[in-house]
Novice: 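This structure is in structure tokens; I'll ask about it shortly.
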Amino acid sequence: MQLYSQKLFFSLTRTADAMAAAGETPLSPANYSFGRPWPELNEGLSYTDTFRCADAETTTTTTLIEFYSENYKSSAPLPGWIRRIRNGQITIDGQVVTDPDTILREGSKLVYHRLAWQEPFAPHLLQVLYEDEDMVALNKPSGLQVLPKGLFQQRTVLAQLQWKEWKMPPSTCSKRKHVQSHPVPVHRLGRGTSGLLLCAKTKLAKVQLASYFAEGATNAANKRDETEVGKERKISKFYRALVTGILENDEDVVTQPIGLVHYPGVAEGLYVACSSGKPAMSKVCVLERLAHQNQSLVQVEIDSGRPHQIRIHLAYIGHPLVDDPLYGIGGQPKFVDLESSSTDISFAHDGGYERPLQPVPGDCGYHLHAHWLILCHPTTNKMLKVTAPLPHILQTREERCEQQVDS
């Protein structure tokens with residue numbers, strides 16, 4: 001049985017009518033893909049520091065190994081840093097140094113050269129759904145990270161944006177001076193999340209679009225629940241998700257704050273449902289109840305965009321995403337032994353920590369798709385709708401039937 005929220009249906013119809021009255025229609029797909037296959041190894045990385053004494057009058061000295069093992073504990077254990085130094089991966093003022101006990105001098109320039117490595121598998125093709133002189137909307141595949149982090153420093157959306165030659169405004173256009181060398185993402189999607197990703201081509205569009213997302217976070221903090229899409233907000237984002245269990249209510253609004261807790265293998269901590277966290281708001285609407293599989297297909301509109309917000313909020317109300325390896329009921333990690341951590345003996349071939357055995361935020365497997373959004377164009381101020389095609393598993397029965405008829 002398919003269930004659509006009457007309130008949601010009204011708001012979407014109102015939006016479509018308003019767009020039609022203004023002579024505007026939902027955008028037709030740009031309908032092309034791009035992407036360069038990944039090289040076997042990335043280019044490695046370099047991290048630069050300038051050594052400063054904590055107290056200029058102290059006579060205490062600091063060695064090279066003390067500097068790195070104390071300031072970058074999350075990167076490698078003590079034996080790992082010793083290996084890196086002896087391997088010639090660190091320079092002081094341009095000279096390779098292999099003695100861990102080298103005394104550092106005030107103002108010394110330190111560079112750690114991280115060796116090139118083969119990053120885990122990631123898809124490389126991106127579909128362009130919409131493009132103009134100010135912005136581009138992409139359909140990101142699941143498994144592709146948006147920005148460099150952790151093991152993924154090259155296999156990212158950002159790298160593909162940098163490698164592609166983009167059509168830019170002509171030199172006579174007033175926008176030309178504000179154009180960036182390549183489009184940049186203005187928000188993030190989790191590595192396992194597929195769907196719509198907005199990128200800005202100009203500095204003005206970047207600032208404007210970023211302000212739209214910031215406004216959403218403010219609305220969540222004030223617990224505004226606007227039912228008319230786009231009435232006050234400049235952007236409205238809708239996701240499709242497959243969750244465990246059968247939701248009782250056709251609609252639900254989740255306002256549970258989201259904050260950080262200590263979690264082994266994640267240096268900055270893990271985002272979870274946390275009473276002391278930052279405000280967040282998700283509006284959940286049941287689209288279809290799949291009784292035989294004990295699953296529900298839902299649409300989620302988010303005002304704020306906290307990391308992993310939808311995964312956390314749906315888990316918090318007792319319906320984690322199907323096959324989510326990390327978040328369980330209550331919006332907490334399934335892995336319970338949070339006191340364990342990597343030992344100084346366990347480190348990888350490059351000196352860093354081995355990948356943790358427990359799930360981490362970037363792990364995939366769940367079914368979450370950024371389906372469509374309505375936004376106020378950053379320069380024309382026209383209302384636009386962009387849609388990313390749904391994966392088969394996230395389609396309702398009706399949508400599957402319509403797709404079969406169209407094909």
Side-chain angles (χ1 to χ4, degrees), residues 7-32 126-140 146 157 161 166-189 195-222 224-239 281 283 299-305 370-388:
K7 188 185 297 181
L8 178 65
F9 177 78
F10 172 77
S11 65
L12 299 187
T13 304
R14 183 184 180 94
T15 301
D17 290 344
M19 292 174 72
E24 300 157 18
T25 56
L27 296 169
S28 58
N31 198 26
Y32 76 90
L126 290 156
Q127 181 187 10
V128 176
L129 301 168
Y130 171 76
E131 182 181 1
D132 61 25
E133 293 180 346
D134 300 285
M135 54 179 275
V136 58
L138 303 175
N139 187 10
K140 184 190 84 70
V146 175
V157 172
L161 291 172
W166 294 90
K167 182 180 178 181
M168 294 300 185
S171 56
T172 55
C173 179
S174 60
K175 296 178 182 178
R176 183 70 180 183
K177 63 181 179 180
H178 300 295
V179 170
Q180 302 167 129
S181 58
H182 58 82
V184 294
V186 294
H187 64 109
R188 299 191 190 194
L189 294 178
L196 264 170
L197 179 68
L198 287 182
C199 304
K201 283 187 172 182
T202 67
K203 296 175 183 177
L204 175 61
K206 180 181 178 181
V207 170
Q208 199 77 330
L209 291 170
S211 71
Y212 295 171
F213 287 100
E215 181 181 315
T218 301
N219 288 341
N222 296 331
R224 295 179 187 168
D225 185 13
E226 296 296 330
T227 58
E228 295 181 32
V229 178
K231 180 181 178 182
E232 289 191 356
R233 284 169 284 143
K234 299 290 187 179
I235 189 167
S236 298
K237 301 166 290 179
F238 297 84
Y239 291 71
M281 181 186 291
K283 299 170 210 172
Q299 177 169 272
V300 184
E301 179 189 4
I302 60 173
D303 287 356
S304 51
H371 185 199
W372 59 280
L373 58 79
I374 295 175
L375 78 155
C376 179
H377 192 279
T379 59
T380 67
N381 291 323
K382 291 184 177 181
M383 296 304 296
L384 306 175
K385 178 181 178 182
V386 190
T387 302

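The chain is numbered in sequence order, starting from 1.
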Novice: Which of parallel (below 30°), tilted (30 to 60°) and perpendicular (above 60°) describes Tyr130 and His377?
Specialist: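 Perpendicular: the ring planes of Tyr130 and His377 meet at over 60°.
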Novice: So Val186 and Phe213, do their side chains get closer than 4.5 Å, heavy atoms only?
Specialist: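 Yes; the side chains approach each other to less than 4.5 Å.
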Novice: Pair Lys382, Leu375 - check side chain to side chain contact (heavy atoms under 4.5 Å, CB included), show working.
Specialist: CA-CA 8 Å; Lys382 291 184 177 181; Leu375 78 155; over 6 Å; no
Novice: Taking the six-membered ring for Trp, are His371 and Tyr239 closer than 6.0 Å centroid to centroid?
Specialist: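 Between His371 and Tyr239, the centre distance exceeds or equals 6.0 Å.
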Novice: Which pair of non-hydrogen atoms, one from Met135 and one from Pro378, has the smallest distance, and what is that distance?
Specialist: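 Minimum heavy-atom separation between Met135 and Pro378: SD-CD, 3.7 Å.
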Novice: How long is the straight-line distance from CG of Leu384 back to CD1 of Ile374, given to the nearest 0.5 Å?
Specialist: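 If we round to the nearest 0.5 Å, Ile374:CD1 and Leu384:CG are 10.0 Å apart.
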Novice: Do Lys201 and Asp132 sit within salt-bridge range, that is, some charged N less than 4.0 Å from a carboxylate O?
Specialist: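 Salt bridge: no.
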Novice: Run the salt bridge (Lys or Arg N to Asp or Glu O under 4.0 Å) check on Asp303 and Lys237 step by step: do they pass?
Specialist: CA-CA 8 Å; Asp303 287 356; Lys237 301 166 290 179; over 6 Å; no
Novice: Measure across His187 and Leu197 and return the closest heavy-atom pair with its distance rounded to 0.1 Å.
Specialist: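 Smallest interatomic distance, heavy atoms only, reads O-CD1, 3.4 Å.
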Novice: Check the pair Glu301 / Ser236 against side chain to side chain contact (heavy atoms under 4.5 Å, CB included), numbers first and verdict last.
Specialist: CA-CA 7 Å; Glu301 179 189 4; Ser236 298; 3.9 Å; yes
Novice: Is a donor on one side and an acceptor on the other found under 3.5 Å between the side chain of Gln127 and the backbone of Lys140?
Specialist: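 No, Gln127 side chain to Lys140 backbone: no donor-acceptor pair under 3.5 Å.
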Novice: Evaluate side chain to side chain contact (heavy atoms under 4.5 Å, CB included) for Val386 paired with Trp372, printing each intermediate quantity in order.
Specialist: CA-CA 6 Å; Val386 190; Trp372 59 280; over 6 Å; no
Novice: Show, in sequence, the C-alpha distance, side-chain angles and deciding distance for Val184 and Lys206, and conclude whether the side chain to side chain contact (heavy atoms under 4.5 Å, CB included) test is met.
Specialist: CA-CA 8 Å; Val184 294; Lys206 180 181 178 181; 3.9 Å; yes
Novice: About how many Å separate OH of Tyr32 and CG of Leu129, when rounded to the nearest 0.5 Å?
Specialist: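 Reported to 0.5 Å precision, the distance equals 10.5 Å.
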Novice: With a 4.5 Å cut-off on side-chain heavy atoms, are Glu133 and Thr202 touching?
Specialist: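 Thr202 does not reach Glu133 side chain to side chain.
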Novice: Heavy atoms only: give me the nearest Leu161-Cys199 pair and the separation to one decimal.
Specialist: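 So the two residues come closest at CD1-SG, 3.8 Å.
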Novice: Do you know which two heavy atoms are closest between Ala205 and Asp134, and how far apart they sit?
Specialist: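 Closest pair (atom of Ala205, atom of Asp134, distance): CB-O, 3.4 Å.
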Novice: Heavy-atom distance under 4.5 Å between the side chains of Val136 and Val128, does that happen here?
Specialist: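 The answer is yes; the side chains approach within 4.5 Å.
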Novice: Looking at CG of Leu138 and CD of Glu131, how far apart are the two atoms once the value is rounded to the nearest 0.5 Å?
Specialist: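 The distance works out to 9.0 Å.
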Novice: Might you point out which heavy atoms bring Leu189 and Leu196 nearest each other, and give the distance in Å?
Specialist: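 Nearest pair, atom of Leu189 first, then Leu196: CD1-O, 3.2 Å.
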